[in-house]
Amino acid sequence: MKNSFKIILATTGLLLSLNSCKKDALNLKPTNDVTADVVYATPAGYKQELVKLYATYALTSPTGSDNSDIGGLNAGFADFFRLFWTSQELVTDEAICAWGDTGIPELDYATWNSDNQFLRGLYSKSILQITICNEFLRESTPEKLASRNITGADASAIQRYRAEARFLRAFQYWVLLDGFGNPPFVTEEDAIGKTNPKQIQRAALFAYVESELKAIEGDLADPRTNDYGRADKGADWALLARLYLNAQVYTGTAKYTEAITYSTKVINSGYSLKANYKDLFLADNNVNNTENILTINYDGVRGTNFGGTTFLVNAAINADMSPASYGVPSGGWGGNRTRQNLPALFPDPNGTADKRGIFFGTKSNVDDIGVFTDGLRVTKFKNVTSEKVTPPSLNGIFSSLDFALFRLAEQYLIYGEAVMRGGSGGSTAQALTYVNNLRRRAYGNNSGDVSTLSVDFFLDERARELYWEAHRRTDLIRYGKFTGSNYLWPFKGGVKAGASLPAYRNLYPIPTADLIANPNLVQNTGY
């Protein structure tokens with residue numbers, strides 16, 4: 001894969017983002033003075049707009065990190081990944097936050113309501129990105145290209161851009177499917193601003209995402225042949241495998257055979273595990289890395305915001321932990337750490353046996369949410385390279401570490417779990433090989449090998465391999481352990497010892513503001 005697209009994205013970040021110390025550096029033409037016929041007049045214009053689709057995942061607005069695309073949400077909170085991570089980790093046994101910002105304590109307790117600003121932010125950000133993808137698709141039809149005299153190889157390239165836009169839209173619809181279940185639904189076929197969007201039900205949205213991912217497969221680049229940071233067939237198959245693993249939750253019908261089929265497609269596509277687990281989470285993870293399938297790309301100078309991996313690094317450390325050693329010499333926000341359940345899954349939470357356990361601190365129990373040193377800090381994400389070099393960082397705070405939305409290790413675990421759940425087309429022997437490949441990397445030898453597998457094994461193994469990578473809520477729901485009382489963690493349900501959650505909390509609520517604005521929407525049960 002190429003590194004050029006990360007550079008392009010960073011440049012676009014510079015064009016889209018007026019960094020806080022350079023507010024007057026650029027004099028940008030107001031976007032409402034730029035018509036589609038100007039923006040899309042040339043093949044280069046289409047490429048630039050494609051880059052913006054990706055850049056939207058890593059920026060908070062077109063006008064700088066001090067501003068937010070989401071009305072009423074502080075720009076520091078408005079990054080897509082920060083919102084998604086919060087919804088997947090903070091409400092579970094893997095993370096807890098010391099901050100008292102409005103809405104955070106309710107996420108710590110898993111007692112949110114329909115006005116929670118972080119859930120509304122995620123919902124709104126996903127819909128915004130879907131809207132931007134829809135507009136790109138409206139402007140890149142064969143008819144539009146012909147009217148602009150774009151033909152031949154240029155038109156073929158734009159056909160691939162369209163497939164990537166549809167992938168990015170499908171990914172965001174998966175985010176809404178997983179989190180909110182029954183969101184508003186709009187495609188490029190819908191007239192802009194004519195009528196309120198209709199609500200789609202969860203099973204129908206599953207079918208739509210599935211059909212989109214299958215429809216675009218032939219137009220995407222082959223695995224590992226596209227620019228770094230752009231979607232290809234590998235990303236498409238990886239999302240399908242994830243979708244199918246959770247199909248029973250989403251639709252009531254299991255599709256474990258399909259999960260095996262598509263995880264196998266990914267596994268057989270030339271990806272390989274990075275030799276050192278820790279190197280996956282360092283600032284040069286874009287170099288010689290054949291494990292990552294699709295990343296959100298960040299740049300600590302040319303495309304900054306207070307989310308993404310800047311958030312992951314800074315929120316997990318404080319000034320007492322030598323922020324410079326984490327590549328953010330002026331950083332350290334002292335917010336997120338783990339609850340005791342996560343380090344308890346490791347034979348030695350300091351990582352001398354299973355080296356995936358990358359923690360800091362001495363007290364694993366969380367007795368006081370507001371005390372940052374209650375709970376071990378997760379320090380696997382660092383804005384330093386494998387050679388211990390800190391990349392350039394604006395104000396000494398921002399990260400250039402890319403975040404993997406999909407990586408090969410997840411596909412190994414999807415394959416294994418789907419086999420143990422009864423899917424066809426795989427084997428327990430192959431699943432054991434994949435699991436032990438991960439564990440041999442973790443232990444540095446075969447001392448951590450397992451000889452038998454079970455369904456329950458994979459919930460714990462996914463935590464050990466994928467912790468803090470925005471999977472945990474989805475995993476706990478699939479295992480029937482997120483709500484109810486058969487699995488408790490500290491402060492679940494607002495009680496220090498943990499308490500039962502009602503089943504309706506397996507879905508997030510449709511934000512109150514959207515219910516008021518759109519009479520077509522019906523609130524999810526329980527809210």
Side-chain angles (χ1 to χ4, degrees), residues 8-9 12 15-16 29-57 59 61-62 69-70 80 123-177 183-200 204-205 207-221 226 230-231 235-236 239 514 517-518 520:
I8 295 170
L9 282 169
T12 301
L15 296 174
L16 290 176
K29 186 176 182 181
T31 55
N32 59 4
D33 289 344
V34 181
T35 66
D37 285 337
V38 172
V39 171
Y40 294 99
T42 65
Y46 279 94
K47 180 67 173 288
Q48 187 62 31
E49 290 306 302
L50 174 71
V51 173
K52 289 181 182 179
L53 297 185
Y54 285 95
T56 304
Y57 281 69
L59 300 171
S61 81
D69 278 328
I70 308 303
F80 163 73
Y123 173 96
S124 301
K125 190 72 172 182
S126 291
I127 290 174
L128 172 65
Q129 292 178 324
I130 288 166
T131 301
I132 294 170
C133 289
N134 283 342
E135 182 59 20
F136 183 90
L137 292 168
R138 290 187 187 100
E139 295 296 335
S140 56
T141 62
E143 294 76 16
K144 288 283 189 179
L145 297 183
S147 72
R148 292 163 181 157
N149 297 315
I150 297 175
T151 60
D154 289 330
S156 297
I158 293 169
Q159 179 72 10
R160 176 158 293 170
Y161 304 166
R162 281 179 61 83
E164 292 179 49
R166 289 172 71 181
F167 173 85
L168 295 174
R169 180 176 64 180
F171 176 79
Q172 286 297 346
Y173 268 128
W174 169 76
V175 171
L176 294 173
L177 166 71
F185 180 74
V186 178
T187 73
E188 75 276 19
E189 302 297 329
D190 294 289
I192 302 173
K194 299 294 184 183
T195 58
N196 286 315
K198 289 185 167 52
Q199 188 170 28
I200 191 169
L205 184 54
Y208 171 79
V209 173
E210 177 189 30
S211 65
E212 278 289 280
L213 293 173
K214 288 184 172 181
I216 63 178
E217 180 179 343
D219 290 328
L220 289 167
N226 211 349
R230 287 175 63 184
D236 188 75
L239 182 51
D514 209 25
N518 184 355
N520 291 333

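The figures that follow rest on heavy atoms only: side chains count, while hydrogens, waters and symmetry mates do not. If you're wondering where the values come from, they're calculated on a predicted model, not measured in any experiment. The first residue of the sequence shown is numbered 1, and numbering continues consecutively from there.
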**Under 3.5 Å donor-acceptor, D219 side chain and A163 backbone** = no
**Message:** Nearest 0.5 Å, please: how far is CG in L50 from SG in C133?
**Reply:** 9.0 Å
**Asked** In Å, rounded to the nearest 0.5 Å, how long is the span from CD of E210 to CG of L177?
**Response** 11.0 Å
**Message:** Suppose we screen for salt bridge (Lys or Arg N to Asp or Glu O under 4.0 Å). Which residues come up paired with D69, at least two apart in sequence or across chains?
**Reply:** K125
**Smallest separation among heavy atoms of A165 and L137, with atom names** = CB-CD2, 4.1 Å
**Item:** Any residue meeting side chain to side chain donor-acceptor pair (under 3.5 Å) with K214, in chain and number order, not counting sequence neighbours
**Value:** Y244
**Request:** May I have all residue pairs that pass ring pair (Phe, Tyr, Trp, His ring centres under 6.0 Å) and include part of residues 150-171, sequence neighbours excluded?
**Result:** F171-W174
**Prompt:** Among all residues two or more places apart in sequence or in another chain, which pass the side chain to side chain donor-acceptor pair (under 3.5 Å) test with R166?
**Reply:** E212
**Qualifying residues under side chain to side chain donor-acceptor pair (under 3.5 Å), relative to D154, sequence neighbours excluded** = none
**Fill in**
Residue pairs passing the salt bridge (charged side-chain N to carboxylate O under 4.0 Å, His left out) test with at least one member in residues 137-149, sequence neighbours excluded, are D37-R148, E135-R138, E139-K144, E139-R148
**Message:** Could you work out, with salt bridge (Lys or Arg N to Asp or Glu O under 4.0 Å) as the rule, every residue matching R162, not counting sequence neighbours?
**Reply:** none
**Message:** Testing the basics here: between V175 and S126, what is the closest heavy-atom pair and its distance to 0.1 Å?
**Reply:** CG1-OG, 3.6 Å
**Item:** Nearest heavy atoms of P183 and L176, plus distance in Å
**Value:** CG-CB, 3.8 Å
**Item:** Contacts of type side-chain contact (heavy atoms from CB on, under 4.5 Å), residue I132, not counting sequence neighbours
**Value:** L53, T56, L128
**Complete:** Given the options E188, Q129, E164, R169 meets side chain to side chain donor-acceptor pair (under 3.5 Å) only with E188
**N/O donor-acceptor pair under 3.5 Å between D190 side chain and T187 backbone** = yes
**Message:** Checking Y123 now: which residues fulfil ring pair (Phe, Tyr, Trp, His ring centres under 6.0 Å) with it, not counting sequence neighbours?
**Reply:** F180
**Message:** What's the separation between atom CG in N134 and atom CD1 in I127, rounded to the nearest 0.5 Å?
**Reply:** 11.0 Å
**Prompt:** How far apart are the closest heavy atoms of A170 and L213, and which atoms are they?
**Reply:** CB-CD2, 3.8 Å
**Message:** Please enumerate all residues that pass side-chain contact (heavy atoms from CB on, under 4.5 Å) together with P197, with sequence neighbours excluded.
**Reply:** P184, V186, N518
**Request:** Describe, in one word, how the ring planes of Y173 and F185 are oriented to each other, choosing from parallel (under 30°), tilted (30 to 60°) and perpendicular (over 60°).
**Result:** tilted
**Asked** For Q199, which residues count as a side chain to side chain donor-acceptor pair (under 3.5 Å) partner, sequence neighbours excluded?
**Response** none
**Prompt:** Listed by chain and number, what are the salt bridge (Lys or Arg N to Asp or Glu O under 4.0 Å) partners of R160, not counting sequence neighbours?
**Reply:** none
**Aromatic ring pairing Y40/Y46, orientation class (parallel under 30°, perpendicular over 60°, tilted between)** = tilted
